[in-house]
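The structure appears right after this line, and notes come after that.
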Amino acid sequence: MALSVKDVEHVSKLSRLSFGEDEKKDFVDKLNSVVDYIEKLEEVDVEGVKPTYHVLDVKNVFRDDEVKPSFKRKDILSNAPDAEGGCFRVPKVVK
Amino acid sequence: MEFKTIVGLEIHSELKTKSKIFCSCTTEFGGDVNTQCCPVCMGLPGSLPVVNKKVLDYAIKAGLAFDCDIASYSKMDRKNYFYPDLVKAYQISQYDLPLCSNGKITIEKEDGSTKDIGLIRIHIEEDTGKSLHGLKDVSLLDYNRSGVGLIEIVTHPDIETPEEAGLFLDELKSTLEYLEVSDVKMEQGSLRCDVNINVVSKDGSVKSRISEIKNLNSFKAVQKAIDYEAHRHTELLKAGKNSEKDTRRWDSEKNRTVFMRSKQHVEDYRYFPEPDIVDFEISDEWIQEIRDNLPELPKAKKERFVKEFDIPAYDAHVLVSDKKLAHYFEALCADFNDPKLISNWIMTEMLRRMNLEEVTLDDLKFEEKDLVVLFEQMAQNKISNNAGKKVFRKMFETGQKPLELIELMGLKQISDDDFIEGLVTEVLDENPEAIEDIKNGKDRAVGYLVGQVMKKSKGKANPQMVSQMIKDHCL
Amino acid sequence: MEIYDLTIHEVRDLLEKKEITSVALVEKVFERIDAVEEDMASFLALYKEEALEKAEVMDAKYEAGEPLGDLAGIPIAIKDNMCTIGKKTTCGSKMLENFVPPYDATVIEKLEDAGAIIIGKTNMDEFAMGSSTENSAFQVSKNPWNLDYVPGGSSGGSASAVTAGEAFGALGSDTGGSIRQPASLCGIVGIKPTYGLVSRYGLIAYASSLDQIGPLSKDVEDAAIMLNAIAGHDGRDSTSAPKEKVDYKKALVNDVKGMKIGVPKEYFGEGVNPKVKSLIYKALEQLVALGAEYEEISLPYTEYALPTYYIIAPAECSSNLARFDGIRYGYRAEKFEGVDDLFTKSRTEGFGEEVKRRIMMGTHSLASGYYDAYYNRAMKVRTLIREDFDKAFEKYDCIITPTAPDKAFKIGEKTDDPLAMYMSDICTVPVNIAGVPAISVPAGFIDDMPIGMQIIGQHFDEETIIKVAYTFEQNTDFNKRAIL
């Protein structure tokens, strides 16, 4: 089922991506060609088939409740585009 | 038209594990900003989560304490949304296979009646970082809290009044404390509560749309918010209008809720199973081991106290409200055989002072055995009850030993026959009319004469003995 | 034969015999890089100084007669999606152009421990999404056999580096074929290990349930050596297999007598160049001559593997790439109003077109209302695809197919048609979906351009596929390297 421009706008919002008017059409066309393709899966009879979320047949991988040293703050902030007083700084979040 | 309030609560409780849920950073509260982080809890590219088994242990413990079914098969899921305090832009949580489901918490109201508040589920998830509001239009982000393990408890909409909500939260908090799975300090943020509320007419014909209330910082706030919202919804319906399906913030200064955002458009979290974490198989043995090691919970302890120590239900309730306090009480009872006195003493002398001075049991300056010595002195009539209270006050302030204090303060009660005999004789001689009164049945005169003897002895005479002796002389 | 044309094991021999020093090796490799890198564009970063320093350390160890491993003192290149502490790790993207990780990926730690010398980071399609390196934000790598052609992708830079003699071996990552397809197009060896064999800790994730790190090398022995170094359980990766360590060099046995090979007809249909088909069948005949037997089989769900992949991978990537929001690291837009705008502008400006397309596809597949029809359905078809392989492996020791449907294509040929580009992966993608291991080994040429043969094994049976690949290689001469 092809995506309408409205669908694309909704998905863009969810993905925090935006597309200019001129690129929108081309992008939507290319996207739809792929969407058409993946809909091939509708042909498959999946009645009674369990989904495989993990290809490895392992369960219960745990660690002990042990504290280990954290990273130094300067390393945590080392790639911060904007920092202040030891914190990451962003425009105010309207809660 | 009469209306009924319908409330459901969503509670997040930070788990008291030493390390975070997916990494080994400490969960300690109050650390310097961004010093308790690592690639995993920062969600750095390439990092991967590894589950802390204790988080499941604690969640199962809570589930068992609240009568839940524990899942034999469970998993983690990704809840996807963008927010600055969410480092991976997804929260690793649980969607359709929560660890615990179908439980209940029973509350006991003031009139003695009980009510079950149903729990829909308890699941585990990771906490987010914290947004500190900086100057002007800026938010500052601290990720120390990011990745701390949480349990989310969702109730059925069984709560109908602010009182019930308060009782529910008290019982929840006290049980979680007993289990030692959480600090449950709302002021510190280790316990958070959101309210979902609407009202419906008793005949079922009209009902309001559900409001979600956030930013509640205390149990009192929860109760006030419920009260406020129930009223707001009811008024709207009475006016022929309706509430909006919204999210509102509790304003503790203005004591009202404030609109935050509409919930018309439900956020699409695009849940899917977490590919980086393998599934959980929870064996019966695992659950049984936790069940076997559950501590005695407040409700059971309270019932036992009433039965075993023959103290009033109210006293028992106060004593079990804090696990350490209950333990303290029992330890005292083991060393001194008067539970009623001990319970009374704790409630009147100790708790009052502790609350005033903001002191906890761990901070007490005197030792438990010192208190026992004091009780023994009183029981043996070596000092009067009043003197005992004076001594205790000093013990509380300074931690000095009771026997020392009794000496120092000169509070030894005198029970010496001759000494008392002497004073009684003096007083009787000075108050012949009183003797007549006593002979005529005026008991108040006895009290008066006892008072006179006490004055002469500077409060040290054993009042019971004095009273008895006076009566013996007169009658 | 120049030094840079030798294999890891040949050069290791020279080091052992003290006929060369590690420092000299590094210098030779950098000389080669100076000579050809402008054409190849294999690398995004080079660490000449650090490499020489480490080489000195290794030389001292050799001098002292210390017992050293197979990679000691050997220059290796790393695809730029594996975190290297203190060194930029860009994933071929503007989004991470200046990202410097404060930690090493597990495989990096293992290589360092093994004494390998990491000489630099190689070019790749942005965030591992692509089959040619044309999606890199920085440069397009070239196929050393013909500079007008792509080296394959997404581990294209690693492939061209090894092929051109700019490194003795390289690490790549494979989600839908990104190690094997470039290996095939460049005439070298590439292995995608069983899912869970190699730790993903420190690999910047594309599709979590499909990604695996593996070696690209000049021959099968080198690949086994590298696999030995990087394989093994890692407590920091919950999806890491709790398996005993295996010495893959023991599988370097020149013998396929009695080996039963399944040849799935679905891999030879429309979309695969008939010339490729004949080359593979020729290769099979050679194996028969060496004592193996093969039978045509059917893996009926094969045709659904590519659409399944293009639901699962974008879905997982849409979630994995959501963390790039301009707040803690990575590209941040200069102008924005409010936090949501910060997210949107940073991501829109920082990501390339293909990445954005896959994020959009993924978000769509997971969206409420579509989850069952897309993501969940794909997970069910995944079961069916895996069962195809499980059933086949009950009868057969391994499965042989072409690695890629054709030889390398020209730069720019498929960039305008995403679907056409996706078709490069039809033979490799089913392997990732099932989580089984596969190796690509050179099997011939079409128009003087290399073609690879893919050997697929059962879960954790790298030994069988290495054995078959090794035997084939020892009895043919297709792994002559690109000489410029």
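Reminder, nothing fancy here: chain letters follow the sequence lines and each chain counts from 1.
- Between D82(A) and R89(A), at least one side-chain nitrogen of the basic residue sits less than 4.0 Å from a carboxylate oxygen of the acidic one, meeting the salt-bridge criterion.
- Neither the backbone nor the side chain of P314(C) comes within contact range of chain A, judged by heavy atoms closer than 4.5 Å.
- Of the two parts of R386(C), only the side chain, counted from C-beta on, holds a non-hydrogen atom closer than 4.5 Å to a non-hydrogen atom of chain A.
- Between Y329(C) and F324(C), the ring-plane angle classifies as perpendicular under the 30° and 60° cut-offs.
- Note on V436(C), T194(C), L306(C), D416(C): by heavy-atom pairs under 4.5 Å with chain A, the leading option is L306(C).
- Most heavy-atom pairs under 4.5 Å with chain C, from the set Y37(A), Y53(A), F62(A), F71(A): that is Y37(A).
- Note on N98(C), L419(C), D341(C), L342(C): by heavy-atom pairs under 4.5 Å with chain A, the leading option is L419(C).
- Nearest approach of A205(C) to D211(C), heavy atoms of both residues: CA-OD2, 3.6 Å.
- For V58(A), the part lying under 4.5 angstrom from a heavy atom of chain C is the side chain only.
- In the displayed structure, D29(A) atom CG is contacted under 6.0 Å by more than 12 heavy atoms of other residues, nucleotides or ligands.
- Ranked by heavy-atom pairs under 4.5 Å with chain C, the list I76(A), D57(A), L41(A) is led by L41(A).
- Ion pair K24(A)/E21(A) flagged as a salt bridge, since at least one NZ, NE, NH1 or NH2 atom sits closer than 4.0 Å to an Asp/Glu carboxylate oxygen.
- Of the atoms belonging to Y309(C), not a single heavy atom falls under 4.5 Å from chain A.
- Taking both residues in full, the closest heavy atoms of P430(C) and A305(C) are given as CG-CB, 3.6 Å, listed atom of the first, atom of the second, then distance.
- Between the D104(C) side chain and the I85(C) main chain, a donor and an acceptor come within less than 3.5 Å of each other.
- Between Y374(C) and Y370(C), the angle of the ring planes stays under 30°, which puts this pair in the parallel group of the 30/60° scheme.
- Between the OG1 atom of T348(C) and the CZ atom of F343(C) there is a distance of 12.5 Å, given to the nearest 0.5 Å.
- When each of K72(A), K13(A), E43(A) is scored by its heavy-atom pairs under 4.5 Å with chain C, the top score falls to E43(A).
- Using a 4.5 Å cut-off between heavy atoms, T308(C) touches chain A through backbone and side chain atoms alike.
- Of the charged side-chain nitrogens involved, none lies within less than 4.0 Å of a carboxylate oxygen, so that R347(C) and D325(C) do not count as a salt-bridged pair.
- Both the backbone and the side chain of K40(A) come within less than 4.5 Å of a heavy atom of chain C.
- Proximity to chain A (any heavy atom under 4.5 Å) is shown, for E387(C), by neither the backbone nor the side chain.
- Heavy atoms from other residues, nucleotides or ligands lying under 6.0 Å from NZ of K59(A) number more than 12.
- If you measure heavy-atom distances from D45(A) to chain C, the contacts under 4.5 Å come from the backbone alone.
- Within 6.0 Å of atom CD in E334(C), 12 or fewer heavy atoms from other residues, nucleotides or ligands are found, so the atom counts as exposed in its surroundings.
- Heavy atoms of A378(C) lying under 4.5 Å from chain A belong to its backbone as well as its side chain.
- Considering only heavy-atom pairs separated by less than 4.5 Å from chain C, the leading option among A80(A), P81(A), A83(A) is P81(A).
- Using a 4.5 Å cut-off between heavy atoms, Y422(C) contacts chain A through its side chain alone, with no backbone atom that close.
- Contacts between F19(A) and chain C at a heavy-atom distance below 4.5 Å involve the side chain alone, from C-beta outward.
- When heavy atoms are compared at a cutoff of 4.5 Å, F88(A) approaches chain C solely by way of its side chain, counted from C-beta outward.
- With respect to chain A, the highest number of heavy-atom pairs below 4.5 Å among D340(C), I433(C), D417(C), L210(C) belongs to D340(C).
- Residues S318(C) and R358(C) have side chains that never bring a donor and an acceptor to within less than 3.5 angstrom of each other.
- Residue contact with chain A, scored on non-hydrogen atoms closer than 4.5 Å, involves the backbone and the side chain of S238(C) alike.
- For L77(A), no part lies near chain C; criterion is any non-hydrogen pair under 4.5 Å.
- For the residue pair D7(A) / S4(A), a side-chain donor-acceptor distance below 3.5 Å is found, with atom types taken as modelled.
- With a 4.5 Å cut-off on non-hydrogen atoms, A322(C) does not touch chain A at all.
- For I327(C), the parts lying near chain A are the backbone and the side chain together; criterion is any non-hydrogen pair under 4.5 Å.
- In this structure, chain A has no heavy atom under 4.5 Å from any part of L321(C).
- Heavy atoms of other residues, nucleotides or ligands lying less than 6.0 angstrom from OH of Y301(C) number 12 at most.
- For E353(C), the parts lying near chain A are the backbone and the side chain together; criterion is any non-hydrogen pair under 4.5 Å.
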